[in-house]
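Notes follow once the structure below has been shown.
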Amino acid sequence: MEYALLGLALAINFIIILVKFKIKRNLDAIIETILLVIVLFITSGSFSGMVVGSFASLFLSIYLILFPIEKKRKRRKNSKRYDVSLPKYF
């Protein structure tokens, strides 16, 4: 039963990552892949650790689907917005 749950969690996670590559959300997909590999590498010594790591990675994938990572855009030189920043002495 545990093997089926682990396989299901990993399969869903890989499907989500592949879908993100197809819809051009490369930054999310790359970060998820790196974190999945790190978690599985760290917890490779125990089966229960791999199960916990796989489900944590699955929940991270779901979170990143709902709230994607946004890249910062460069401002143009002639932007009408004012730069709101703290004074130099802070």
Legend entry - Any side-chain heavy-atom pair of I16 and L58 under 4.5 Å: yes

Legend entry - Non-hydrogen side-chain atoms of I65 and K20 separated by less than 4.5 Å: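 Answer yes - side chains close enough.
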
Inset, instruction - Determine, stepwise, if the pair R25 / V19 fulfils side-chain contact (heavy atoms from CB on, under 4.5 Å). - result: CA-CA 9 Å; R25 286 179 48 189; V19 167; over 6 Å; no

Answer with yes or no whether the hydrophobic clustering places [X] together with [Y]; edges join I, L, V, M, F, W, Y residues whose side-chain heavy atoms lie under 4.5 Å apart.
{"X": "I15", "Y": "I17", "value": "no"}
{"X": "I12", "Y": "F14", "value": "yes"}
{"X": "L6", "Y": "V52", "value": "no"}
{"X": "F21", "Y": "I34", "value": "yes"}
{"X": "I31", "Y": "L66", "value": "yes"}

Legend entry - Y63-F59 aromatic ring centre distance below 6.0 Å: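 No; F59 has its ring centre 6.0 Å or more from that of Y63.
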
Once you round to the nearest 0.5 Å, how far does [atom1] of [X] lie from [atom2] of [Y]?
{"X": "F67", "Y": "I62", "atom1": "CZ", "atom2": "CD1", "value": "12.5 Å"}
{"X": "L35", "Y": "I30", "atom1": "CG", "atom2": "CD1", "value": "12.0 Å"}
{"X": "L18", "Y": "T33", "atom1": "CG", "atom2": "OG1", "value": "8.5 Å"}

